[in-house]
Number of protein chains: 2
Amino acid sequence: MSDSRCAASVGRPRAFDPEVALEKALEVFWRKGYDGTSLADLTEAMGINKPSLYSTFGNKDQLFLKAIEVYENRPCAFFGPALDEPTAHQVVKKMLYGAAANFADKSHPQGCVIIQGALSCSETASTVKEALIARRQEGEQRVRDRLARAQAEGDIPATTNVGALARYIGTVIQGMAIQANNGATSEELTEVADLALSAMPPIAQ
Amino acid sequence: MSDSRCAASVGRPRAFDPEVALEKALEVFWRKGYDGTSLADLTEAMGINKPSLYSTFGNKDQLFLKAIEVYENRPCAFFGPALDEPTAHQVVKKMLYGAAANFADKSHPQGCVIIQGALSCSETASTVKEALIARRQEGEQRVRDRLARAQAEGDIPATTNVGALARYIGTVIQGMAIQANNGATSEELTEVADLALSAMPPIAQ
DNA sequence: TCTATTTTGTACCGATTGGTATTATATTTA
DNA sequence: TAAATATAATACCAATCGGTACAAAATAGA
């Protein structure tokens with residue numbers, strides 16, 4: 001019943017911080033992908049040995065899923081906060097600029113682990129692959145819902161196909177992740193974001 | 001000196017067609033990525049055994065590189081032919097529509113092996129990863145060169161930043177590959193292409 | 001101090017990884 | 001028919017894969 005990530009009061013105390021170890025695991029999965037990451041890679045980066053990893057996080061699959069949960073809740077995450085902007089244009093602008101700044105940030109691996117963590121992969125990775133597809137589609141759904149709200153608020157024209165627009169925005173963000181992997185800078189990605197923004201419908205009167 | 005893929009006149013004749021085997025290998029790499037593909041996957045799909053694979057194609061790396069060469073020269077490849085269109089608008093339109101039709105085509109794996117074959121990967125795959133990055137950048141360069149020509153021909157305004165525009169088009173195409181992996185249909189991708197096209201600069205007078 | 005409890009480190013598990021040595025087989029040339 | 005040549009199939013290699021059994025070590029409570 002108790003959370004496996006919560007240290008017990010009795011018994012030998014845990015010698016590592018699960019939160020820190022999880023961030024280290026995320027860094028490896030982000031850079032190498034699920035298939036490209038071995039348990040040896042993980043234990044070395046996390047500074048723990050395999051039995052500690054398994055008793056604390058389950059197995060490789062579960063560790064990956066917990067790591068991407070950390071990814072989505074990072075303080076520098078840009079996706080969720082962008083949806084809170086007051087207008088559709090501001091939402092999309094903040095989202096694309098956020099992707100441009102974040103994906104090319106050299107303080108962590110380039111791109112986005114949700115997009116590139118298990119794209120083309122082995123059958124072993126199919127569980128996490130499906131999980132990542134679901135997350136991407138959920139993200140797109142949230143954009144679509146936000147655009148529909150903007151449409152109801154008269155923020156974008158009633159004639160706009162919000163499903164197609166949300167998919168387009170998702171496409172650009174996903175492409176920007178590849179670009180970041182190609183070595184594109186934040187400045188270059190911001191230029192891409194500006195061009196992408198020019199496809200937005202005019203502000204409804 | 002002789003091409004390893006060319007059967008010799010003397011000795012036991014080869015029992016398989018290297019071209020067909022290469023297409024089978026491509027199919028596997030395309031679907032599973034470099035890291036996710038094992039030699040067992042390859043030999044099973046290609047219908048040959050490991051010594052035949054190694055004597056004919058070198059090793060896993062070289063087989064992958066030969067497979068993506070096949071990919072780029074397929075009859076249904078859309079990238080190169082699109083560049084031959086007479087105007088910049090037609091070039092970009094044919095390219096984006098081609099990606100929409102091709103990436104979601106169910107007669108082969110979804111997306112693009114150049115984009116997703118070795119994105120986040122192990123150190124073992126770093127050679128092919130770098131090769132794929134180079135191919136993507138080369139593709140973008142070809143688009144940039146074509147747009148610069150169009151600009152010289154008065155096809156798009158002199159004020160247009162062709163570097164940024166080429167990068168934007170590359171970004172959309174790369175994003176469409178992810179979308180196809182998400183399960184997007186050709187129709188949905190065509191809607192994305194139409195929105196992307198609206199970012200094109202007006203035709204210069 | 002003794003016991004119960006939990007985590008640690010090491011050593012190990014069978015299966016699979018990419019790659020190869022070796023032998024049998026099928027062909028052309030002499 | 002005999003030799004030369006090249007491919008096929010099998011069996012094998014060390015290394016690594018994800019995962020675990022087990023015993024030593026470190027704590028809390030009695």
Side-chain angles (χ1 to χ4, degrees), chain A residues 1-22 25 28-29 32-67 118 121-128, chain B residues 1-22 25 28-29 32-67 118 121-128:
Chain A
M1 278 296 176
S2 69
D3 182 7
S4 63
R5 238 183 289 169
C6 175
S9 59
V10 70
R12 179 168 175 171
R14 185 174 277 147
F16 64 95
D17 182 346
E19 301 289 331
V20 173
L22 213 42
V28 180
F29 279 130
K32 298 190 170 190
Y34 182 87
D35 275 334
T37 299
S38 69
L39 282 176
D41 291 331
L42 291 166
T43 54
E44 187 190 348
M46 298 166 85
I48 64 179
N49 41 38
K50 282 194 276 185
S52 296
L53 189 156
Y54 275 82
S55 70
T56 308
F57 302 107
N59 60 10
K60 192 184 172 186
D61 274 42
Q62 295 169 308
L63 175 61
F64 183 91
L65 296 176
K66 284 171 179 161
C121 55
S122 64
E123 272 122 19
T124 313
S126 62
T127 301
V128 301
Chain B
M1 274 299 175
S2 68
D3 183 8
S4 64
R5 238 184 289 168
C6 177
S9 60
V10 68
R12 179 169 174 173
R14 186 174 275 147
F16 64 96
D17 181 346
E19 300 290 331
V20 173
L22 213 42
V28 180
F29 280 132
K32 298 190 169 189
Y34 182 88
D35 275 334
T37 299
S38 69
L39 282 176
D41 292 330
L42 291 166
T43 54
E44 187 190 349
M46 299 166 83
I48 64 177
N49 40 40
K50 282 194 278 186
S52 296
L53 190 156
Y54 276 81
S55 71
T56 309
F57 303 107
N59 61 8
K60 192 184 172 186
D61 274 41
Q62 296 169 308
L63 176 60
F64 183 91
L65 297 176
K66 284 171 181 162
C121 56
S122 65
E123 273 122 20
T124 312
S126 63
T127 301
V128 301

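Letters A, B, ... are given to chains in the order of the sequence lines, protein chains preceding strands, and every chain is numbered from 1. Remember, predicted model here, so these are calculated numbers, not experimental data.
Atom-to-atom, CG of B:L42 to P of C:dT16 comes out at 16 Å; the value is rounded to the nearest Å. Whole-Å rounding puts the B:D61 CG to C:dG19 P distance at 7 Å. Following rounding to the nearest Å, B:L39 (CG) and D:dA11 (P) show an atom-to-atom distance of 19 Å. Counting to the nearest Å, the C1' atom of C:dT8 and the NZ atom of A:K50 are 15 Å from each other. Between the CZ atom of A:F64 and the P atom of D:dG18 there is a distance of 14 Å, rounded to whole Å. One atom, CG of A:D41, and another, P of D:dG18, lie 8 Å apart when rounded to the nearest Å. Distance A:M46 CE to D:dG18 C1': 15 Å, rounded to the nearest Å. Between A:R12 atom CZ and C:dT5 atom C1' the separation is 13 Å, expressed in whole Å.
Minimum heavy-atom separation, A:G36 to B:S122: O-CB, 3.4 Å. Across B:A118 and B:V128, no two heavy atoms sit closer than the pair CB-CG2, 3.9 Å. The two atoms that bring B:V28 and B:A45 nearest to each other are CG2-CB, 3.4 Å, heavy atoms only.
You won't find any donor-acceptor pair under 3.5 Å spanning the side chain of B:R14 and the base of D:dT7, going by distance alone.
An OP1 or OP2 oxygen of D:dA28 is reached within less than 4.0 angstrom by no side-chain nitrogen or oxygen of A:S9. Proximity of A:S55 to the phosphate of C:dT7: no side-chain N or O atom is located under 4.0 Å from OP1 or OP2. Residue A:S38 has a polar side-chain atom (N or O) positioned under 4.0 Å from OP1 or OP2 of D:dC17. Between C:dT8 and A:N49, no contact under 4.0 Å exists linking OP1 or OP2 to a side-chain N or O.
Closest-nucleotide positions on DNA chain D for A:P13 and A:K60 were compared, and the one nearer the 5' end corresponds to A:K60. Heavy-atom distances to DNA chain C give each of B:G11 and A:F16 a nearest nucleotide, and the one nearer the 5′ end belongs to A:F16. Mapping A:Y54 and B:G47 onto DNA chain D by nearest heavy atom places B:G47 closer to the 5' end of the strand.
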Could you go through the side chain to side chain contact (heavy atoms under 4.5 Å, CB included) check for B:L53 and B:F16 one step at a time?
-> CA-CA 11 Å; B:L53 190 156; B:F16 64 96; over 6 Å; no

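Legend: residues meeting ring pair (Phe, Tyr, Trp, His ring centres under 6.0 Å) with A:F64, ordered by chain and number and at least two apart, are A:F29, A:Y34.
As judged by a 4.0 angstrom heavy-atom cut-off over every strand, B:T37 is placed among residues touching the sugar-phosphate backbone only.
Side-chain atoms of B:V10 lie closest to D:dA6 of the nucleotides D:dT20, C:dT17, D:dA6.
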